[in-house]
Amino acid sequence: MIPLVRAWVALGANLGEPRAALDRAFESLARLPQSRLVARSSHYRTAPVDAPGQPDYWNAVGALDTALEPLSLLHALQDIETSNGRERSFRNAPRTLDLDLLLYGEVTLDTPDLILPHPRMHLRAFVLVPLAEIDPDLRLPGHGRVSALLPAVRDQRIERIE
């Protein structure tokens, strides 16, 4: 049997039908080969970060147990984005779907295509709050437990939708 690794994925959308996009993305994550979706957060509405004037985002986080290697998983996530109409017209552009690989077990990686753990996740309420809903004791390498990081992002607007 192939060993499984717990991977954490952030989901976001602010164009089209964001709620439907997140729901479709969770369905797609659940169908990934050699993988099992084991947890999903509620949906949250957040203000865009580093992109003033854009519509609010809908965000969520999911946990996968997967046998896919990190770059294979990244490519599968990008395929899901593309199938949901994602275009990469410029940095921080509004998007129909954004999937970010946050953590892949204990793996650290720094390549042009993928940095693990995600370098800014500890600074983002739209990541930390959904993570805390699923696993408040999850440890972010170099930063500590998710629940302990929440006070640092209290000034970021985030609202649980469902």
Side-chain angles (χ1 to χ4, degrees), residues 1-14 18 21-23 25-51 56-81 91-92 95 97-162:
M1 183 168 147
I2 299 171
L4 299 178
V5 174
R6 176 69 45 95
W8 296 87
V9 178
L11 298 81
N14 73 338
L22 295 186
D23 290 341
F26 275 124
E27 291 168 7
S28 295
L29 291 173
R31 290 191 307 269
L32 284 176
Q34 303 176 27
S35 303
R36 184 175 70 244
L37 181 65
V38 294
R40 62 182 279 177
S41 74
S42 301
H43 294 139
Y44 292 84
R45 182 174 294 141
T46 63
V49 175
D50 299 331
D56 283 352
Y57 274 85
W58 282 57
N59 297 99
V61 168
L64 291 171
D65 286 345
T66 186
L68 296 174
E69 294 295 324
L71 288 173
S72 295
L73 179 56
L74 174 67
H75 295 302
L77 298 178
Q78 291 170 338
D79 288 346
I80 294 169
E81 290 175 336
R91 182 170 164 75
N92 295 325
R95 53 206 73 157
L97 183 63
D98 184 34
L99 300 175
D100 287 329
L101 184 53
L102 302 172
L103 294 165
Y104 183 91
E106 301 291 322
V107 170
T108 58
L109 191 63
D110 191 348
T111 73
D113 294 327
L114 180 60
I115 300 173
L116 288 172
H118 191 286
R120 292 174 304 283
M121 69 179 157
H122 66 287
L123 303 172
R124 309 291 199 221
F126 65 82
V127 172
L128 293 177
V129 173
L131 275 175
E133 177 188 333
I134 297 171
D135 188 352
D137 294 323
L138 178 67
R139 293 194 172 278
L140 303 187
H143 300 288
R145 288 182 332 137
V146 167
S147 59
L149 297 171
L150 291 174
V153 298
R154 282 196 181 140
D155 61 333
Q156 296 176 29
R157 182 172 58 86
I158 185 165
E159 169 191 4
R160 184 176 175 183
I161 302 297
E162 53 189 38

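In this structure, the separation between CZ on Arg124 and CG on Asp100 is 10.0 Å, given to the nearest 0.5 Å. Rounding to the nearest 0.5 Å places CG of Leu64 at 12.0 Å from CZ of Arg40. Separating the CD1 atom in Ile80 from the CZ atom in Phe26 is a distance of 11.0 Å, to the nearest 0.5 Å. The distance from the CZ atom of Arg31 to the CG atom of Leu37 is 11.0 Å, given to the nearest 0.5 Å. Taking CG from Leu22 and CG from Leu97, the interatomic distance works out to 7.0 Å, rounded to the nearest 0.5 Å.
Of all non-hydrogen atoms in Ala60 and Ser42, the two that sit nearest each other are CB-O, 3.6 Å. Pro136 and Arg145 make their closest contact through O-CB, 4.1 Å (heavy atoms, listed as atom of the first residue, atom of the second, distance). Of all heavy-atom pairs spanning Leu131 and Val146, the tightest one is CB-CG1, 4.0 Å. Taking every heavy atom of both residues into account, Ala132 and Leu150 meet most closely at CB-CD1, 3.8 Å. Contact detail for Met121 and Leu140: the closest heavy-atom pair is CE-CD2, 3.9 Å. Closest heavy-atom contact between Ile161 and Tyr44: CG1-C, 4.0 Å.
A heavy-atom distance below 4.5 Å is found between the side chains of Asp98 and Glu81. Here the side chains of Arg160 and Glu133 are in contact, with some heavy-atom distance below 4.5 Å. You'll find the side chain of Asp56 reaches within 4.5 Å of the side chain of Arg157, heavy atoms only.
Paired with Leu128 under the rule side chain to side chain contact (heavy atoms under 4.5 Å, CB included), one option of Ile158, Leu123, Val153, Leu138 passes, and it is Val153.
Side-chain atoms of Gln156 do not come within 3.5 Å of backbone N or O of Phe126 as any donor-acceptor pair. When atom types are taken as modelled, the side chain of Ser41 and the backbone of Val61 share a donor-acceptor pair closer than 3.5 angstrom.
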Can you give the donor-acceptor pairs under 3.5 Å from side chains of residues 3-11 to other protein atoms, not counting sequence neighbours?
{"unit_1": "Arg6", "atom_1": "NE", "unit_2": "Asp65", "atom_2": "OD1", "d": "2.5"}
{"unit_1": "Arg6", "atom_1": "NH2", "unit_2": "Asp65", "atom_2": "OD1", "d": "3.1"}
{"unit_1": "Arg6", "atom_1": "NH2", "unit_2": "Asp65", "atom_2": "OD2", "d": "3.2"}

Donor-acceptor pairs under 3.5 angstrom involving side-chain atoms of residues 66-75: please list them, not counting sequence neighbours.
{"unit_1": "Thr66", "atom_1": "OG1", "unit_2": "Ser35", "atom_2": "OG", "d": "2.6"}
{"unit_1": "Thr66", "atom_1": "OG1", "unit_2": "Leu68", "atom_2": "N", "d": "3.0"}
{"unit_1": "His75", "atom_1": "ND1", "unit_2": "Gln78", "atom_2": "OE1", "d": "3.4"}

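Counted within 6.0 Å of CZ on Arg36, heavy atoms from surrounding residues, nucleotides or ligands total 12 or fewer; the atom is thus considered open. At most 12 heavy atoms of other shown residues, nucleotides or ligands fall within 6.0 angstrom of atom CD in Glu106.
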**OP:** Could you walk me through whether Asn59 and Val129 pass the side chain to side chain contact (heavy atoms under 4.5 Å, CB included) test, one step at a time?
**Re:** CA-CA 10 Å; Asn59 297 99; Val129 173; over 6 Å; no
**OP:** Any chance you could lay out the side chain to side chain contact (heavy atoms under 4.5 Å, CB included) test for Val127 and Arg120, step after step, and finish with the verdict?
**Re:** CA-CA 9 Å; Val127 172; Arg120 292 174 304 283; over 6 Å; no
Original post:
Does the side chain to side chain contact (heavy atoms under 4.5 Å, CB included) test come out yes or no for Leu116 and Thr108, once each step is laid out?
Top reply: CA-CA 5 Å; Leu116 288 172; Thr108 58; 5.9 Å; no
